[in-house]
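A note on names: the letters A, B, ... follow the listed sequences, proteins ahead of strands, and every chain is numbered from 1.
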Amino acid sequence: MSYYNPQIIEKKWQKIWKDSKTYKSRVELSKKKFYVLEMFPYPSGKIHMGHLRNYTIGDVTARFYKLQNFNVMHPMGWDSFGMPAENAAIENDVDPKKWTEKNIANMKSQLMKIGLSLDWDRELSTCSDNYYKHQQKIFIDFFNNNLVYKKDSFVNWDPVDKTVLANEQVVDGKGWRSGAVVEKKKLSQWFLNISKFSDELLTDLESLTDWPEKVKLMQSNWIGLSKGAEVEFKISGLKSFIKVFTTRPETIFGASFLALSVEHPFASNFKDDKKFNTFKDTCLKFQENRKFDSEKLGFNTGLFAEHPFLKNIKIPVFFSNYVLINYGNGAVFGCPGHDERDYDFAKKYKLDIKCIIKDKQNELPYCDSQENDKLQNSSFLDNLKLSQAKVSIIDKIVKDELGSEITKFRLKDWGVSRQRYWGCPIPIIYREDGKVLPVDEDQLPIKLPEDTDFSFSGNPLDKHNDWKFTVCPQTGLKAIRETDTLDTFFDSSWYFLRFCSSDSKNIPFTDKEINYWMPVDHYIGGIEHAILHLLYSRFFSRALRECGYKVPKEPFLKLITQGMVCHETFKTKDGKWVEPSKVFFENDSYWMKYREGNISVTKGRSEKMSKSKKNVVNPDSIISEYGADTARLFMISDSPPERDLEWSIDGIKATRKYLDKIFAFLKEKLRFTQSFKNQENLTNEEKKILDFTNGVVDSFTNDIKNYRFNKAVAKLRELSNTLIKSKVKRDLFDYSWSTYLRLIYVIIPHFSQELASLTGLKGLMEDLKWPTSNKKTFDDGLAQIVVQINGKKKFLINVAFGITKEKLVETIKKNSANDDINNKKIKNIIYVPNKLINFVL
RNA sequence: GCGAGCGUGCUGAAAUUGGUAAACAGACAGGACUUAAAAUCCUGCGGGUGGCAACACCCUUGUGGGUUCAAGUCCCACCGCUCGCACCA
């Protein structure tokens with residue numbers, strides 16, 4: 001009979017924690033704060049393994065720092081606007097709000113069962129007007145500070161979701177959620193002025209010393225700085241100038257054509273040209289579906305541009321598909337000698353290919369230049385090194401007022417308009433006199449209407465006349481509400497601030513609370529948010545500061561990006577995925593039961609759990625069958641957090657077995673204690689056990705601090721293995737096992753608390769704080785030394801600690817069974833004190 | 001194409017940052033208990049050679065080279081995998 005019954009004890013302790021508000025957090029100025037945050041979930045209705053892993057990692061952290069005497073805040077909320085709710089409304093005729101609330105209730109009860117040390121009093125939900133009224137205020141602040149603006153623009157239109165996508169939400173030309181091929185559509189959109197902070201967002205990455213390098217690099221690439229110059233080319237016979245951006249202005253004497261994007265403003269000169277319009281359509285299609293190097297297309301305008309420095313040189317002007325409107329100026333000068341793309345283009349259209357770098361005539365296109373390369377055929381730049389030439393050409397460009405030195409960023413402003421119902425309404429009205437005005441703050445929140453018809457395609461708000469038509473309260477003039485809603489990334493860009501003041505009624509958050517709790521000390525979530533969510537949040541902090549809010553520039557001090565939860569996959573011969581639980585192994589191959597017989601299946605690689613690959617395991621059923629503590633312990637013992645975790649039901653079973661064993665053993669034998677006083681008269685074995693226990697306290701503490709949870713667990717298992725086998729006196733037994741329980745508490749709190757309570761602890765483990773080690777209590781005066789010959793380990797020897805090299809060599813020679821040391825000539829002896837000695841023969 | 005990271009037993013991994021490779025687990029195999037199975041416990045588990053045996057010796061961190069008394073760890077080249085960006089001017 002198993003003594004260990006997680007179903008009962010987990011419920012019991014969860015109730016006690018809840019009733020006694022154990023995890024409630026308040027500002028306490030006298031205590032050091034610690035803000036632990038896991039990325040809040042979208043309430044899909046069910047938690048998945050990724051959640052379980054994420055929140056377990058966060059919970060171990062939160063409990064650990066709490067016991068280390070920090071004032072810990074560990075909140076949870078819901079990223080609850082977004083398309084699944086609206087899709088449910090369209091498909092199943094349910095109210096998005098009710099649908100969402102039901103999902104939240106469901107997921108919350110699942111989260112409760114994990115036993116997380118969350119402060120539920122701070123719970124927030126982005127779709128509640130209690131949250132989004134503050135968000136609307138923030139939007140208005142942004143509006144009044146020129147951080148948001150409206151512009152007509154071609155947008156990425158997702159024909160399946162019928163909405164606009166941000167550039168970042170387009171992956172390989174397809175919608176990030178729907179997977180549909182994205183189309184271009186012109187709409188008037190709200191944009192956040194994130195590019196205003198490009199420079200800052202980039203350089204401040206350096207200050208994020210506790211972020212993974214990988215994430216910083218991804219952000220840095222995304223912001224995409226390039227330094228160069230803008231140069232103007234005059235079009236012969238016209239008054240027009242074409243401004244060109246280049247990172248290699250020193251190659252300007254190699255220019256033999258101009259290439260413009262078909263979306264460049266200059267194209268308006270050809271808007272009635274049928275041939276051009278056909279060409280433009282072709283180019284846009286090419287650009288949308290590009291995979292690798294597509295063919296370069298050219299449209300010769302018949303016009304020529306004047307070279308800024310060579311008055312008698314005229315170069316042809318083309319439109320081409322290889323020049324993109326959304327980078328630089330949408331126009332380049334072609335330098336085919338030293339740029340592969342320009343080279344391809346020039347070859348195709350038989351344009352001049354000039355070599356302007358010395359001795360490279362036979363290596364064209366010569367693109368990656370060397371430090372010592374010098375220029376030729378370049379007028380006043382001849383014989384200069386490229387780096388020198390760059391400086392002098394920029395000087396000249398500036399002096400002659402032909403252009404300027406300039407830095408460009410890849411980062412574009414963030415389009416936040418969504419033609420959707422289930423999002424935060426944008427608090428703007430369009431008055432009949434043409435004015436675009438923010439809603440008065442005393443009218444906030446602008447709530448979503450609840451009687452909405454979802455039977456049309458497109459945006460339901462746009463069709464909801466009662467809601468849409470309004471009047472301006474100041475003037476009484478008729479007005480129309482903005483019917484677009486905000487991108488949900490807007491919602492998640494400041495929720496961590498709101499957690500600090502979740503009950504603040506009139507303002508989003510208070511200075512006092514922000515000042516105390518922010519920044520988030522440890523932020524834990526998936527690597528998939530490395531760019532978007534984190535970059536937007538960093539932008540929000542800066543934008544809010546411009547509006548007068550006192551928030552830190554960088555919201556997240558330390559970032560932990562957890563890996564995915566993976567599971568094996570199986571496929572039938574005709575390529576259908578098969579649930580791993582249906583597969584069995586027999587006669588050296590894998591089979592699945594199918595009607596009467598078995599069919600053979602092949603094992604694929606382990607992949608991220610996903611419905612489509614049928615390799616999902618539901619954490620809720622694992623928790624009800626094996627217990628939350630088993631699930632928690634398994635989630636962190638196999639792999640370090642940032643790496644992918646391989647799901648294994650055998651691992652779960654074995655973890656449960658281990659807990660069963662320890663529970664039954666300790667329940668009978670342990671008397672819980674916090675101290676061990678009687679240190680005299682210990683046997684050598686007992687001394688070792690005591691030292692080992694203390695050593696584990698240190699290593700475990702360090703491993704948890706460094707997010708090496710798997711090592712922390714290994715060390716604890718080593719301790720329990722040792723303790724089970726050894727016979728030590730009662731006091732020491734109690735002390736070592738109690739220490740074990742106090743450490744493992746942060747991982748499996750119900751288990752540990754229950755055992756401690758059963759064996760004598762009155763009260764909560766929470767109140768005991770973290771165990772301290774007494775460092776090395778005993779010293780047997782010996783050092784174990786590795787004896788090597790030519791760098792290879794031969795044997796170990798125990799000698800007095802601190803022994804000199806000479807004494808050690810003497811001892812080894814006297815006792816050594818290895819003839820080589822005594823007989824062969826020793827060339828050299830390397831001695832690492834108290835550790836290792838190497839005889840070089 | 002550019003950038004980053006990784007490569008250790010059958011598997012997940014560890015190795016105090018240049019000093020005993022494989023800690024801790026999982027799978028598997030053998031044994032004990034049992035009429036039997038499950039559960040539980042014990043043992044083995046990188047490869048090779050020799051030995052009845054306890055054991056001894058040798059090899060082993062993707063491949064090849066280098067630095068060093070000493071390399072999984074540092075350097076160079078190659079192979080393979082993963083991720084990010086990609087006609088970015």
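- At least one side-chain nitrogen or oxygen of A/N710 sits closer than 4.0 Å to the OP1 or OP2 atom of B/A14.
- Contact check, A/K792 against B/C58: no side-chain N or O comes under 4.0 Å of OP1 or OP2.
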Taking only N/O atoms, report every protein-nucleotides 7-12 of chain B pair under 3.5 Å with atom names and distance.
unit_1	atom_1	unit_2	atom_2	d
B/G12	O2'	A/S639	OG	3.3

Provide a list of protein-nucleic acid N or O atom pairs under 3.5 angstrom, restricted to nucleotides 82-84 of chain B.
unit_1	atom_1	unit_2	atom_2	d
B/U82	OP1	A/R605	NH1	3.0
B/C83	O2'	A/K214	NZ	3.2

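- For the atom pair OG1 (A/T282) and CZ (A/F299), the distance works out to 11.0 Å, reported to the nearest 0.5 Å.
- The ring of A/Y349 has its center no closer than 6.0 angstrom to the ring center of A/F257.
- Note on A/R717: only backbone sugar-phosphate atoms sit closer than 4.0 angstrom, heavy atoms only; bases stay farther off.
- Of the side-chain N and O atoms in A/K711, one or more sit less than 4.0 angstrom from OP1 or OP2 of B/A15.
- For A/K793 and B/C69, the shortest distance from a side-chain N or O to OP1 or OP2 is not below 4.0 Å.
- In this model, the phosphate group of B/A23 is not approached by any side-chain N or O of A/K715 to a distance below 4.0 Å at OP1 or OP2.
- Relative ring orientation between A/F233 and A/F333 is described as tilted, the plane-to-plane angle lying within the 30° to 60° band.
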Parsed dot-bracket for RNA chain B after applying the Watson-Crick and G-U rules with both distances under 3.5 Å and | for other-strand partners is (((((((..(((......[....))).(((((.......))))).(((((....)))))..(((((..]....))))))))))))....
